[in-house]
Amino acid sequence: MKFPRLPVLLLALALTAPFASARTHADSQSESAASRHAAAHAKEAAVPAPPSAYNDHPKLVVILVIDQFRGDYLDRYRADFKNRGFNLFLTKGAYFPDCYYDYANTKTAPGHATIGTGAYTDGHGISSNDWWDLARNHDRPVTSVEDERYRLVGLPNATKPVTGSSPRNLLASTVGDELRLATQGQSKVFGISLKDRAAILPSGSAANGAYWIDPVSGDFITSTFYTSQLPDWVAAFNSGDSIAQAEQEAGVSSVTNFYEQVGSTPAANSYELNFAEALIQGEQLGQGTTTDLLTISLSANDIMGHAKGPDSSDEQQMVDGLDTQLDTFFTWLDKNIPGGLGNVWVALTADHGVAPIPATAAQYGFNAATIDLQKLASSLDYAINMKFSPGEKVQYILPHQELPYLSLNQAEFMKAGINEAEAEGAVQQLLPAAVASLSPPAPEPPPSDEPAPTAQPGEPTIQPSDKRLPPRPELFRSYTREPLADGPYPPTPWGELLAHSYSPNGGWYIMVIPTAFQMETMKTAQTTHYSPYSYDRHVPLGFFGAPFSAGIYHGRVEPVDIAATFAALLGINQPSASVGHILTQALKPASEVIYPKPKPIPPVHTRHAEAPAAHHARPPTTPKATHP
Ligand SMILES: [Zn+2]
């Protein structure tokens, strides 16, 4: 036999306790004798309880999300990495280079909700960053986390209450929520980000707190959903020199919008990681008798990435900077968590990827047009009026649209006596022509098919050809809401991906999917993410921690696997809508999982009081219930 007898003994112990309570009263005497016997053996062999959240193995779980961090970046810039920033995952941890979201709405809010819940939009309900909810607001879409029943806390210079935020739309529990439930509130769970949705959604409904910034000042704030007053350590962080330091590091002065000016630079990552350290200290994470969990969403890469694109030198600088910043953060954890980094698990992933800048993709020959959604809505409105209310100018398509959804003005359709199926069906029918109407006028035929003048030595050649037509907007597929909700779906991976994208939020809508490499026309940004295409769905997935066997693991995995894997290793329930798989290929055999012992705490003097408790034969670390 390869394995020692220890696991057999453990099994016997584990079986004894639950079976005792299920048996008849007559059995109880011999039962308790058996329990005493087992307990006595356990004492002799000093068998520790298996590592789990209940006995603080690990001390702390960190879920690190980099906003808009595509899965290819770590391979592309790997030669730049030093020390144990990204290398913590690439060489000391388990790294999965082929991680793809399995849904079609690759936006920030659904991505973060997916990471926390281990479910997709059809499970957690979050379809986009904002959506139209005419019952709550007639003037603009509501955000995924805004909640008028609460107010913001810590907003500097606020003269009147400002609408707060909460996970009200999150329909599933997160791995953090399950940790709170399993330990009866003993484990602490927090979420932080520059963005409210990215702090709130991955941490969940039972989180002890979530912090994000006031975009103007950069102060960390929260909502009365969590607390009515900033804890002292947050107030101290805000009034310290961190903001000035970040502004200096970003090279900006007289800042009028911290989120834009500092948030788009690598300095924002240091700023957030400094706040994470302040939180870990302020809330004493990793110091309790059960496992704590922190989600950190680093926003800078997204704010910069929209403006500069994935192939820019700014992207490389951000990645290389973050490598150093993570090294600093992990070193800090090593010094400040009892027993060091060996008592911490870290997961690394992203909420979505990003598309190449359309002009760049077009240079390679793709039909990478942008779609002016305002013009598309006008064109549709014109055609719908012709159909249902000739001569009128009813606004049937709501303003402020963001792909992949197109929201309909339910009230106007109902006024015209048109039901949902009819309305969505009509818009869907009119959509291809409306998209085609956005095409630039057909160019004059090229004057000749003579080859272009050859480039001078040193000049770039025109690739692939200067004879190609300019890109034109093109629809790939569209889906009305009702079949999205109930199917039938094609019995293919595409059908599953669509099913995963459904949410009842957003009223009446159509899901609009343009051809690959196309996106909406944007005023300030150069590129974005929203689609079912691989570049938007590909994200990194890395783990570091005692249970993980170091290596590069090829093969499709999904961000939903994080919650499932962590839940399994922590010995807790998977989140309520979890569909993830446990990544067993990267797990060490349990007998090889070793946690460093924290420095012993000086023994407290006790008077041999342990004897009478033995016959309960319960796990030695059953948490005491505290008021959550
Ligand atoms: Zn983004």
Side-chain angles (χ1 to χ4, degrees), residues 64-73 99-101 103-116 121 126-131 141 143-146 191-202 212-213 215 257-266 268-269 272 295-312 314-315 318-319 322 348-358 360-361 370-371 373 400-405 501 513-514 517-540 559:
L64 198 57
V65 186
I66 314 174
D67 204 313
Q68 196 196 109
F69 200 82
R70 216 171 50 192
D72 57 329
Y73 293 168
C99 181
Y100 289 80
Y101 280 88
Y103 66 175
N105 45 304
T106 41
K107 308 282 279 189
T108 297
H112 282 85
T114 298
I115 293 162
T121 294
I126 308 292
S127 54
S128 198
N129 294 338
D130 23 54
W131 54 77
T143 82
S144 59
V145 292
E146 77 173 79
I192 63 178
S193 176
L194 297 190
K195 305 176 180 182
D196 51 6
R197 55 188 178 272
I200 292 169
L201 298 172
W212 56 94
I213 64 159
N257 187 318
F258 185 94
Y259 181 88
E260 292 288 341
Q261 294 169 271
V262 179
S264 59
T265 73
N269 288 332
E272 277 196 71
T295 68
I296 305 172
S297 170
L298 299 168
S299 312
N301 205 75
D302 184 70
I303 304 169
M304 181 282 300
H306 279 288
K308 306 289 173 112
D311 305 308
S312 60
D314 301 72
E315 182 59 63
M318 186 73 86
V319 174
L322 188 50
L348 173 80
T349 192
D351 55 343
H352 52 73
V354 69
I357 292 173
T360 306
T370 68
I371 297 174
L373 290 184
H400 313 299
Q401 301 279 357
E402 261 185 51
L403 290 175
Y405 299 103
S501 300
I513 303 174
F517 301 104
Q518 302 207 349
M519 61 185 67
E520 65 205 58
T521 310
M522 291 160 293
K523 283 200 187 85
T524 50
Q526 287 209 76
T527 185
T528 192
H529 48 86
Y530 71 94
S531 80
Y533 298 116
S534 65
Y535 47 77
D536 283 343
R537 290 166 45 213
H538 189 195
V539 292

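These values consider heavy atoms only, across backbone and side chains, with no hydrogens, waters or symmetry-generated copies. Order of appearance sets the numbers: ligands from 1, and atoms from 1 within every ligand. Index from 1, following the sequence. What you see is a predicted model; the values in this text were computed from it and never measured.
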* Give the name of the N/O/S atom in Asp302 that lies closest to the Zn ion (ligand 1). =>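 The Asp302 atom nearest to the Zn ion (ligand 1), restricting to N, O or S, is OD1.
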* To do: Evaluate the ring planes of Tyr73 and Phe69, with Trp represented by its six-membered ring, and classify them as parallel (under 30°), tilted (30 to 60°) or perpendicular (over 60°).
  =>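 Rings of Tyr73 and Phe69: perpendicular, over 60°.
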* Asked: Taking atom types as modelled and ignoring hydrogens, do the side chains of Asn105 and Ser501 form a donor-acceptor contact shorter than 3.5 angstrom?
  ->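 Asn105 vs Ser501: donor-acceptor pair found between side chains.
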* To do: Ignoring hydrogens and angles, state whether a donor on the side chain of Ser193 or Ser299 is under 3.5 Å from an acceptor on the partner side chain.
  =>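 Yes, side-chain donor-acceptor contact under 3.5 Å.
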* Round to 10° and report the angle made at the Zn ion (ligand 1) by NE2 of His306 and NE2 of His529. =>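 That angle is 90°.
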* Leu403 and Pro514: which non-hydrogen atoms are nearest, and at how many Å? ->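 Looking at all heavy atoms of both residues, the closest pair is CD1-CG, 4.0 Å.
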* Using a cut-off of strictly less than 2.8 Å, determine whether His352 has an N/O/S atom near the Zn ion (ligand 1). =>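 Coordinating: no.
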